[in-house]
Amino acid sequence: MDNVFIRGRAVACSLGEETDGIIERVRKMERPISDLPIRIASLDYTRPYYRIPGGDRERDADLEKYFYDTLFGTVSRAVDDAGLSAEEIRDSALFLGSTSIDMPMFEQTYHRDGEHGSKRLSYESPGYGKIVNAVADRFGITGPCYTFTTACTSSANCLLYAAAMIRTGRIERAIVIGYDLFNEVGFYGFEAMKLIEPFGYKPFDKNRIGIIMGEGCGAVVLDSRRASAKDFRFLGGSNACDTFNVTTHTIEGDDIAFVILDAMKNCGLSAGEVDAIKAHATGSPANDSTEFNGMKQAFGGSLPPFTGIKPYIGHTVGACGVIELVIVTESISRGFFPATPGFEQVDDEINASPVTRALEMSAGTIMCNFFGFGGNCTSYIVTNKE
Amino acid sequence: MKGSSDKTLKKELKELIIEECDLDITADDINDDDALFGSDSPIGLDSVDALQISIAVQNKFGVVITDSKVLRRVMKSINTFADYLRPE
Amino acid sequence: MYVHAVSSFACAPVDDIEGLKADLKNYTDFFFRRVNKFILLSLLGVHRCIHKRKFDRSIAVFLATENGNLGDTENVLHQMYRQNSFPKPFNFINTMSNTASFYVAQSLKSLGRSITVSSKNVSFERSLELAMVDFEMGHIREALVGGVDEAVISREYFVKKYDPSYHDVRLVEGSSWLYLTAEKTGAIGEITDIQTFTAREEAIQWARTAGCAGPVIAFGILMGPEEKEIWRRECPSDAELDYIGTIGFFDTAASIAVSTFFESYKHACLIHVNRNIQGQYVVLAGKSY
C-alpha cells in the first residue's frame with residue numbers, strides 16, 4: 001500500500017465536539033479557558049485549564065460513564081465521518097495514545113473510598129490496555145489493539161505505527177485515538193513542577209512562563225482507501241529518544257533536528273517541500289527554545305512558517321498527536337493555516353516568530369512535531385497535495 | 001537562634017536532601033557552605049531536585065516557596081536554606 | 001528479525017530496591033539516581049541482554065508492559081490524597097512509564113526509537129509487531145524488545161483474573177529482553193512471525209505450518225487446561241516449555257517464554273500460543289539456530 005489516507009476524523013476539546021464549529025472558532029482565534037482551584041496542601045489559588053464544555057453535571061454524577069461517553073462519542077463520530085461499513089469497523093486495528101489512561105477513575109476511588117480505596121491500582125492493575133479494549137467491545141472491533149504510553153508523544157506515535165502497519169500490509173485500516181481527560185495527578189504534577197502558565201498562553205513569546213493543560217479526545221481513521229479527494233495523506237515520520245534529561249531536551253536541539261530530518265528522509269521529502277510546521281510549542285521557556293533551535297538546525301535558512309495549536313485547546317498531553325492533527329488539517333481544508341494566538345513579543349534570545357495571522361492555505365504539506373517528557377521526539381508529515 | 005547556627009536543623013535538612021534526591025552520600029559529606037546546585041557544586045543538584053526538595057520542605061516545615069528564582073536563592077547552600085527556614 | 005542475545009530476569013517480589021541497584025552495577029557503571037523499581041527492572045533486563053556487546057547508536061527500544069510504573073503511581077496518589085501534598089516531582093515523572101525506556105536509552109547513550117506499548121494480555125507480542133514493521137520499512141537496523149512488569153501483588157485478584165489452575169504459580173518481578181538486528185550473521189535465531197486469529201482452527205492451522213515438524217510449544221496464562229489439551233492434540237510438539245510453572249508469572253511473561261526458548265533450545269522451532277480476554281489467539285513463531 002503506497003498511500004495512507006486520513007479517511008475520517010473527530011475531536012472533543014475545549015472548543016466543542018463538532019468539527020465545523022471548532023475550526024470556525026480557530027479561525028476567530030477564540031480561546032475559552034477556565035480557572036481551576038488548587039485544592040491541595042491547604043493552598044488557595046487557581047490555575048487556568050482548557051475544559052471540554054458542558055457535561056459538568058454528567059461528569060460529577062458518574063465520572064466513569066462520562067469518561068467512556070466522551071471516548072465512544074468521539075470514535076463514533078470519526079467512524080461516521082469516514083463512512084466505514086460494519087465490516088470495515090469490525091476489521092479495523094485500534095491504537096490509543098494517552099498519558100493518564102484511566103487515572104481519573106482511580107483518583108476518584110482513592111479520594112472517595114478513603115483507606116479502602118488505597119492500593120486499588122496496584123492490587124487490581126487493570127492494565128493500560130483496558131480502555132482500548134472497551135472501545136473494541138463497544139464497536140465490535142476484532143483487529144489488534146495497541147496502547148502507547150510515551151507521554152506527550154503517545155498518540156503521535158500511534159499515528160506513525162498505524163500508518164507503517166498499513167503501508168507494510170499488516171493491517172488495512174486503523175482507528176487511532178488520542179485521549180486524556182482532566183486528572184489531578186497531571187494537573188497538580190505540572191503545578192508541582194512549576195510548569196503552568198498563570199497569565200494566558202503565549203508559546204515562543206518573550207514573556208512565556210509555561211504550559212496550560214487541556215483535556216480532549218481525538219480520533220482519526222487511517223486507511224489505505226480514501227473517502228473523498230479532500231482527504232489528507234499521512235506520509236510518515238520518525239521517533240527517537242533525546243537522552244539529555246528526562247524532562248528537557250539538548251539545549252542546541254541536536255536530537256530534535258535529527259528527528260525532523262529523519263522524518264523528511266523517511267517521507268522522501270526535502271526541506272523546501274515542507275510548506276508549514278505545526279510546532280509542539282508548549283510555551284515552556286526551555287521547550288520552546290530547544291524546539292526552535294532544532295527547527296533552525298534542520299531547516300537552516302529555509303524555515304517554513306510555523307504555528308502552535310495549544311493556545312486554542314491547551315496542552316492535551318498524550319492526546320495532542322491526534323487532536324492537533326485534526327485541527328491543522330481541517331483548517332487547511334477550510335482554506336487557512338492557523339495562527340498562534342497569544343504571541344506578541346519576540347524573544348531576543350531565540351528570535352522565533354510564529355505565524356500571528358492565519359495564512360491563506362488550501363493545499364499544503366505539513367510537518368507536525370511533538371517533543372515530550374522522557375526525551376520522546378516525534379515528527380510526522382501529512383499532505384493534501386497530489 | 002538563626003537556622004545556620006542550629007546544627008540539628010542543618011543535619012535534618014541534609015538528610016532530607018539526601019533522601020529526596022536519592023544521593024549516595026551521608027550528611028557528613030555535605031559542608032554547610034557547599035553550593036548545592038550547578039557545575040561548581042560537589043553534589044550538583046538540578047532544577048527538578050530543587051522542586052522535589054521544595055515540596056518535601058513544604059510538607060515537613062509548612063513553608064511554601066512558589067517563585068523558582070527565590071527557590072534557587074534560598075537553596076544556595078545548607079546555611080542559606082536554614083536561615084530562610086528560621087531567620088532568627 | 002534475527003535474535004542475537006536474550007535476557008530472562010525474574011525474581012521474587014522486591015520491597016527494597018537496593019538489591020536491584022547492586023545487581024545492576026555488575027552490568028553497567030552508568031549512575032542512576034531517582035529511579036524506581038519498574039525502571040530498575042527495565043535496566044536490569046536490558047543490561048543483562050546487551051552486556052559487553054557492541055551495538056549501534058541508533059538502536060531502538062520497545063518496552064512492553066501491561067501495568068507500567070504501578071509503585072510510583074500509587075506513591076503519587078498517596079501523596080495527594082493521604083498526605084494532602086503535591087505530587088513529588090520524581091514520583092510524578094516516574095508515573096509516566098516511558099521514563100523507563102528513557103533511562104534505558106540514556107544508559108545506552110542511544111538516539112533511536114523509544115516506544116512503550118501495552119495490549120491487554122499480549123503486550124509483548126504487540127511490541128514485537130511494531131519492531132517488525134520498523135525493520136521491514138528499513139527504519140531501524142537494531143532493536144531491544146522486552147517485557148517488563150512488577151509482580152502482581154494480590155494473589156486473590158490474580159486468581160480472579162486468570163485461570164484458577166494457576167492458583168499456586170509463583171508471582172515474580174520480570175524483565176526479559178531480546179536484542180534483534182536485521183543481520184543474520186552471528187544470530188542465535190529469529191522471530192519468524194506473529195499472527196492474530198479469532199478462530200482456534202485457523203490459529204492451529206497456521207501454527208502447524210509456521211513452525212517446523214515437532215516444535216517446542218508454550219502457552220500463555222489465559223490458555224486453560226482444556227484449551228491446552230486441544231492444542232497438544234491438534235498441533236503436535238516435541239517438547240512443551242512450561243515457563244509459567246517453572247519460572248513464574250508476570251504480566252508480560254510471554255517475553256520470558258521466548259528468551260528462555262532461545263537460551264535452552266538449539267536447532268528448534270518455537271510456537272507460543274497466547275490468548276487475550278477478547279478470546280483472540282495471538283501466535284508467535286520463532287526458530288533457533
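Lettering of chains follows the sequences in order, A, B, ..., and the numbering in each one begins at 1.
Interface remark: of the candidates C:D251, C:T65, C:L77, C:I153, C:L77 forms the most heavy-atom pairs closer than 4.5 Å to chain A. Top candidate by heavy-atom pairs under 4.5 Å with chain A, chosen from C:E66, C:Q106, C:R126, is C:R126. Residue with the most contacts toward chain C among A:G236, A:C158, A:A164: A:A164 (heavy-atom pairs, distance under 4.5 Å). Top candidate by heavy-atom pairs under 4.5 Å with chain A, chosen from C:T196, C:V117, C:L111, is C:L111. For the set C:V76, C:L70, C:N84, the entry with the most heavy-atom pairs within less than 4.5 Å of chain A is C:N84. Here C:D134 is the residue among C:D134, C:T198, C:V152 with the most heavy-atom pairs under 4.5 Å with chain A. Taking chain C as the reference chain and counting heavy-atom pairs below 4.5 Å, the highest number among A:G318, A:G97, A:S122, A:S154 is found for A:S122. No other option in C:S127, C:S97, C:P87, C:S107 has as many heavy-atom pairs under 4.5 Å with chain A as C:P87. If you tally non-hydrogen atom pairs under 4.5 Å between each of A:S100, A:P126, A:A136 and chain C, the highest count goes to A:P126.
Between the OG1 atom of C:T95 and the CE atom of A:M103 there is a distance of 6.5 Å, given to the nearest 0.5 Å. In this structure, C:F102 CZ and A:T247 OG1 are separated by 8.0 Å, a value rounded to the nearest 0.5 Å. In this structure, NZ in A:K194 is found 7.5 Å from CZ in C:F86, a value given to the nearest 0.5 Å. Separating the SG atom in A:C241 from the CD1 atom in C:I59 is a distance of 13.0 Å, to the nearest 0.5 Å. Here CG of A:L160 is found 7.5 Å from CD1 of C:I115. Values are rounded to the nearest 0.5 Å. The CG atom of C:N67 sits 12.0 Å away from the CD atom of A:E124 when rounded to the nearest 0.5 Å.
For a residue to count as touching a neighbouring chain, one of its non-hydrogen atoms must lie under 4.5 Å from one of that chain's; by this rule A:V185 touches chain C with backbone and side chain alike. At a 4.5 Å heavy-atom cutoff, the contact between A:S238 and chain C is made by backbone and side-chain atoms alike. In this structure, the portion of C:M96 lying under 4.5 Å from any heavy atom of chain A is its side chain and not its backbone. Neither the backbone nor the side chain of A:L96 comes within less than 4.5 Å of any heavy atom of chain C. Residue C:F90 does not touch chain A at all, counting heavy-atom pairs closer than 4.5 Å. Contacts between A:F258 and chain C at a heavy-atom distance below 4.5 Å involve the side chain alone, from C-beta outward. Residue C:E129 touches chain A through both its backbone and its side chain, counting heavy-atom pairs closer than 4.5 Å. For a residue to count as touching a neighbouring chain, one of its non-hydrogen atoms must lie under 4.5 Å from one of that chain's; by this rule C:D193 touches chain A with the side chain only. Using a 4.5 Å cut-off between heavy atoms, A:N133 contacts chain C through both its backbone and its side chain. For chain C, no part of A:L94 is nearby; none of its heavy atoms comes within less than 4.5 Å. Contacts between C:Y81 and chain A at a heavy-atom distance below 4.5 Å involve the side chain alone, from C-beta outward. Looking at C:L63, neither its backbone nor its side chain comes within 4.5 Å of chain A, counting heavy atoms on both sides.
Nearest heavy atom pair, residue C:P89 against residue A:M193, reads CB-CG, 4.1 Å. Among all heavy-atom pairs drawn from C:M132 and A:R170, the shortest one is SD-NH1, 3.3 Å.
Counting only heavy atoms from C-beta outward, the side chains of C:S118 and A:F148 never approach each other to under 4.5 Å. The side-chain heavy atoms of C:F158 and A:Y123, taken from C-beta on, include no pair separated by under 4.5 Å. The side-chain heavy atoms of A:T142 and C:Q280, taken from C-beta on, include a pair separated by under 4.5 Å. When side chains are defined from C-beta on, A:D137 counts as touching C:Q278, because their heavy atoms get closer than 4.5 Å. In this structure, A:F106 and C:T73 have side chains that are not in contact, with every pair of non-hydrogen atoms separated by 4.5 Å or more. A heavy-atom distance below 4.5 Å is not found between the side chains of C:M80 and A:H111.
Between the side chains of A:Y110 and C:E74, at least one donor-acceptor pair of N or O atoms lies under 3.5 Å. With 3.5 Å as the limit, one finds a donor-acceptor pair spanning the side chains of A:Y161 and C:R113. C:T116 and A:Y128 share no donor-acceptor pair across their side chains, judged by distance under 3.5 Å alone. In this structure, a donor-acceptor pair under 3.5 Å is absent between the side chains of C:E136 and A:T168.
Around the CZ atom of C:R155, the shell of radius 6.0 Å holds more than 12 heavy atoms that belong to other residues, nucleotides or ligands. Environment of CG in C:D16: crowded, with over 12 heavy atoms of neighbouring residues, nucleotides or ligands closer than 6.0 Å.
Distance alone, capped at 3.5 Å, is enough to place a donor-acceptor pair between the A:N239 side chain and the C:S114 backbone. Of the possible donor and acceptor atoms, none in the side chain of C:N98 sits under 3.5 Å from a partner among the backbone N and O of A:N376. Under a 3.5 Å cut-off, the side chain of C:K120 and the backbone N or O of A:I131 do not form any donor-acceptor pair.
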